[in-house]
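Below: the structure, in structure tokens.
Please read these numbers as outputs of a predicted model, since none were measured by experiment. Each chain gets a letter, A, B and so on, in the order its sequence line appears, and its residues count up from 1.
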There are 2 protein chains.
Amino acid sequence: MSDSPNPPTSADVARLAGVSRATVSYVLNNAEAVRISEPTRRRVREAAEELGYVPHAAARSLRAGHTRIVLLPTSHVPAGPLYSNFLNELQWALRRRDYTVVQYGSLGLGGDEAARAWAELRPVAVISLGETALSPQNVATLKRAGARAVITMGPDTVPGAHALVMDQAEVGARAAAHLVERGRRRIGVVVPREDGLELFSAPRLAGAESVAGTEVVRALPMAYTEESAAALAARWGELGLDGVFAYNDEYAMLLMRALQDAGVRIPGEAAVIGADDLLIGRLLRPRLSTVRIEMPTGERLAGLVDAAVRDPSEITERYDLMAAVAVPRDSTPS
Amino acid sequence: MSDSPNPPTSADVARLAGVSRATVSYVLNNAEAVRISEPTRRRVREAAEELGYVPHAAARSLRAGHTRIVLLPTSHVPAGPLYSNFLNELQWALRRRDYTVVQYGSLGLGGDEAARAWAELRPVAVISLGETALSPQNVATLKRAGARAVITMGPDTVPGAHALVMDQAEVGARAAAHLVERGRRRIGVVVPREDGLELFSAPRLAGAESVAGTEVVRALPMAYTEESAAALAARWGELGLDGVFAYNDEYAMLLMRALQDAGVRIPGEAAVIGADDLLIGRLLRPRLSTVRIEMPTGERLAGLVDAAVRDPSEITERYDLMAAVAVPRDSTPS
DNA sequence: TTGAAAGCGGTACCAA
DNA sequence: TTGGTACCGCTTTCAA
């Protein structure tokens with residue numbers, strides 16, 4: 001384990017192989033425009049191998065004038081298989097297209113600070129997942145720094161950015177409509193007490209409120225703990241509700257269990273529907289109805305990013321990508 | 001939204017402010033060694049502001065000869081609040097220490113490819129979360145590329161790297177011991193069929209096998225689907241087991257439900273214990289016993305990284321960081 | 001077929 | 001107090 005003072009550079013490789021740095025570059029990048037003799041190629045390759053040479057990405061992109069970095073700011077990493085599968089897919093699809101995906105944690109940074117920090121990396125594209133609100137100025141900063149595509153995925157459109165609109169309101173609307181179809185008119189909507197979920201939960205609530213045919217739509221704050229669920233369940237009688245949409249399947253399960261423990265019959269006294277179609281929703285009895293969300297595939301999004309980078313003017317400003325569909329199970333009988 | 005052709009450089013700022021590039025650098029970096037007059041400072045600041053100047057990270061680190069990048073390779077992002085909380089904590093703690101945390105997705109890259117790709121970024125530290133096995137050569141590559149700390153968090157020690165040993169075997173051992181204490185001697189261990197979990201599941205199985213007092217310890221492959229769980233449950237009688245440790249709480253819940261549906265009494269005919277102490281484990285009845293894992297805090301790990309970067313020789317080679325403790329609930333009665 | 005050299009953007013030494 | 005300039009590692013044009 002020799003602790004060499006400095007990483008080997010292409011000059012070191014050149015020296016060892018007895019050629020110039022130019023030749024090293026040609027060989028290692030398989031330059032088509034130039035013909036290098038086979039013996040020379042071998043000497044260079046062996047020298048690079050021997051030294052354990054790895055090119056310096058910063059130097060390379062400095063020279064090139066641009067990077068292939070796609071920046072994925074992540075302030076809060078939302079747990080959940082839905083999201084993490086999507087992320088894995090996206091990464092893989094972008095890598096296939098020869099982009100370097102960099103997740104940049106911006107926890108605790110303000111919008112302006114964050115945008116500047118991202119811009120320093122000179123990413124060719126930025127995909128904001130909607131956890132971090134992006135202002136038009138932020139978009140401008142990024143574009144000035146060479147970003148050819150700034151893509152937001154969230155409820156809103158941001159001026160100057162390509163928007164992949166995933167309006168979570170749709171989820172709430174589908175859930176409430178599902179309950180109304182089944183004769184429930186007095187609906188509770190569980191809203192997580194936890195921070196960092198407002199961007200999802202607020203539109204879901206609003207979506208539920210927008211549905212016709214309800215008598216009451218009432219927000220029910222609840223934390224992701226047994227105690228909080230039990231407290232809410234204890235108040236169920238006095239709330240006078242007959243159905244509840246629970247933000248997602250985990251909150252739904254938690255509440256459903258608490259209601260059962262409090263002696264509330266499901267679905268008789270309370271129809272329950274969650275969202276995200278998690279497997280755990282099928283474990284309790286009755287089986288939990290849910291709203292399944294069709295995320296765009298990582299492949300599709302990667303294609304969009306690539307197109308935007310190649311020609312920013314070509315892709316349209318706004319795509320509506322989200323589809324949501326109610327999956328009826330036993331917790332909301334017809 | 002003027003689409004300026006090129007991002008502004010410090011030279012642009014210098015020109016607009018009527019000073020030299022050197023002065024710009026001094027002002028914007030608050031250089032202590034040099035005294036710049038207040039009026040000049042203002043002119044430079046205003047010029048930078050007006051142009052929306054953002055320094056080029058690559059150029060800066062090229063000149064500096066090193067970066068402040070801490071690389072977090074993520075091949076599989078394991079879902080789960082345990083992991084994602086830890087990640088958030090770690091990012092936050094490292095940022096406070098002025099590091100740039102970069103999560104680099106290496107999905108579908110081999111060990112050598114991956115190590116080279118990471119090395120190109122010249123990170124000052126690499127934290128491998130154990131999803132990706134790291135060879136001694138890989139460590140050497142990274143160190144040659146300037147990494148002052150390579151930290152692995154996983155079951156094994158890798159020569160040349162600092163190891164934060166989190167031996168998952170401990171988890172399996174605790175689970176099996178817990179079952180043995182409760183009189184179960186014929187133990188099944190659910191092993192996920194899903195890829196990417198071997199690094200966790202294999203040691204957990206091995207740990208269970210290492211416990212004294214068992215008659216049989218049998219691996220039970222199972223996928224994370226209802227069908228797979230049902231198939232396993234249907235065979236329960238012929239397996240002749242009286243206890244099962246199920247990799248984690250999600251697999252445990254799935255299997256427990258399948259067993260109940262197949263008419264197997266829990267815990268009478270089958271005691272069940274999971275791992276990770278997820279909240280959902282408390283929803284089914286009987287409540288699921290589990291093995292809680294004490295992860296190191298992000299703050300602690302960040303401190304270790306920082307110490308290793310400042311003086312690589314100073315921190316010792318190996319820390320044992322993992323603690324696991326059985327949490328008895330109703331699925332494993334005494 | 002190969003080499004010399006300029007230049008990407010920023011920093012820091014030395015001189016003025 | 002400020003400016004000129006060399007240099008970090010790599011690519012690429014032009015010449016040999």
Side-chain angles (χ1 to χ4, degrees), chain A residues 4-44 47-48 51-68 116 119-122 124 144-146, chain B residues 4-44 47-48 51-68 116 119-122 124 144-146:
Chain A
S4 31
N6 294 323
T9 71
S10 75
D12 296 323
V13 177
R15 205 170 305 120
L16 182 57
V19 299
S20 75
R21 289 159 58 208
T23 306
V24 171
S25 177
Y26 292 142
V27 170
L28 296 183
N29 294 309
N30 296 310
E32 310 270 332
V34 203
R35 312 226 63 82
I36 307 277
S37 70
E38 200 46 53
T40 305
R41 303 183 93 88
R42 259 200 324 112
R43 286 219 315 286
V44 171
L51 294 175
Y53 169 72
V54 174
H56 192 307
R60 175 179 282 170
S61 65
L62 184 57
R63 171 65 226 232
H66 59 260
T67 69
R68 296 279 292 173
R116 293 177 65 89
E120 291 192 0
L121 298 181
R122 296 290 190 273
V124 70
R144 237 193 330 257
Chain B
S4 30
N6 294 320
T9 71
S10 75
D12 296 324
V13 177
R15 206 169 305 122
L16 182 57
V19 298
S20 73
R21 293 192 313 149
T23 306
V24 171
S25 176
Y26 293 142
V27 171
L28 297 183
N29 293 307
N30 295 311
E32 310 270 331
V34 196
R35 313 231 64 85
I36 306 277
S37 72
E38 201 44 56
T40 305
R41 305 183 92 89
R42 259 196 329 109
R43 287 218 314 286
V44 170
L51 294 175
Y53 170 72
V54 175
H56 193 308
R60 175 180 281 167
S61 66
L62 182 58
R63 172 64 227 232
H66 60 258
T67 70
R68 295 280 291 174
R116 293 176 64 89
E120 290 191 359
L121 299 181
R122 297 290 190 273
V124 69
R144 237 192 331 257

Atom [atom1] of [X] to atom [atom2] of [N]: distance rounded to whole Å?
X: A:Glu120; N: C:dG9; atom1: CD; atom2: P; result: 15 Å
X: B:Leu121; N: D:dG9; atom1: CG; atom2: P; result: 16 Å
X: B:His56; N: C:dG7; atom1: NE2; atom2: P; result: 18 Å
X: B:His66; N: C:dA12; atom1: NE2; atom2: C1'; result: 14 Å

Could you walk me through whether B:Asn6 and A:Arg144 satisfy the side-chain contact (heavy atoms from CB on, under 4.5 Å) test, starting with their C-alpha distance in whole Å, then the side-chain angles of each, then the deciding distance to 0.1 Å, before giving a yes or no?
CA-CA 7 Å; B:Asn6 294 320; A:Arg144 237 193 330 257; over 6 Å; no
Hey, could you give me the CZ/NE2 distance between A:Arg60 and A:His56, rounded to the nearest 0.5 Å?
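Separation between the atoms: 11.5 Å.
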If you measure from CD1 on A:Ile36 to CZ on A:Arg43, what distance do you get to the nearest 0.5 Å?
11.0 Å
For the student: nearest non-hydrogen atoms of A:Tyr53 and A:Thr9, plus distance:
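Result for this residue pair: CE1-C, 3.5 Å.
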Kindly give the heavy-atom pair with the smallest separation between A:Gly52 and A:Pro8, and that separation in Å.
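Nearest heavy atoms, A:Gly52 then A:Pro8: O-CG, 4.1 Å.
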Which residues satisfy the salt bridge (Lys or Arg N to Asp or Glu O under 4.0 Å) test with B:Arg63, sequence neighbours excluded?
none
5′-ward residue of the pair B:Thr23/B:Leu62 relative to DNA chain C
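Mapping each residue to its closest nucleotide by heavy atoms, the 5'-most match is B:Leu62.
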Within 6.0 Å of CD in B:Glu32, more than 12 heavy atoms from elsewhere:
no
Main-chain N/O of A:Arg122 paired with A:Thr67 side-chain donor or acceptor, under 3.5 Å:
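Yes, A:Thr67 side chain to A:Arg122 backbone: donor-acceptor pair under 3.5 Å.
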Counting distance only, does the side-chain N/O of B:Thr23 pair as donor-acceptor with the main-chain N or O of B:Val19 below 3.5 Å?
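No.
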When you match B:Ser20 and B:Gly65 each to their closest nucleotide on DNA chain D, which lands nearer the 5' end?
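It is B:Ser20 whose nearest nucleotide is closer to the 5' end.
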Do any N or O atoms of the protein come closer than 3.5 Å to N or O atoms of nucleotides 5-7 of chain D, and which pairs are they?
{"unit_1": "D:dC7", "atom_1": "O2", "unit_2": "B:Arg63", "atom_2": "NH1", "d": "3.2"}

Contact list for DNA chain D against residues 26-41 of chain A - heavy-atom distance below 4.0 Å
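Here the set is A:Tyr26, A:Asn29.
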Mind checking A:Ser25 for me? I need base, sugar-phosphate or nothing, with any heavy atom below 4.0 Å counting as a touch.
base
Output yes when at least one side-chain N/O atom of B:Arg60 is less than 4.0 Å from OP1 or OP2 of C:dT11, else no.
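B:Arg60 to C:dT11 OP1/OP2: side-chain N or O found under 4.0 Å.
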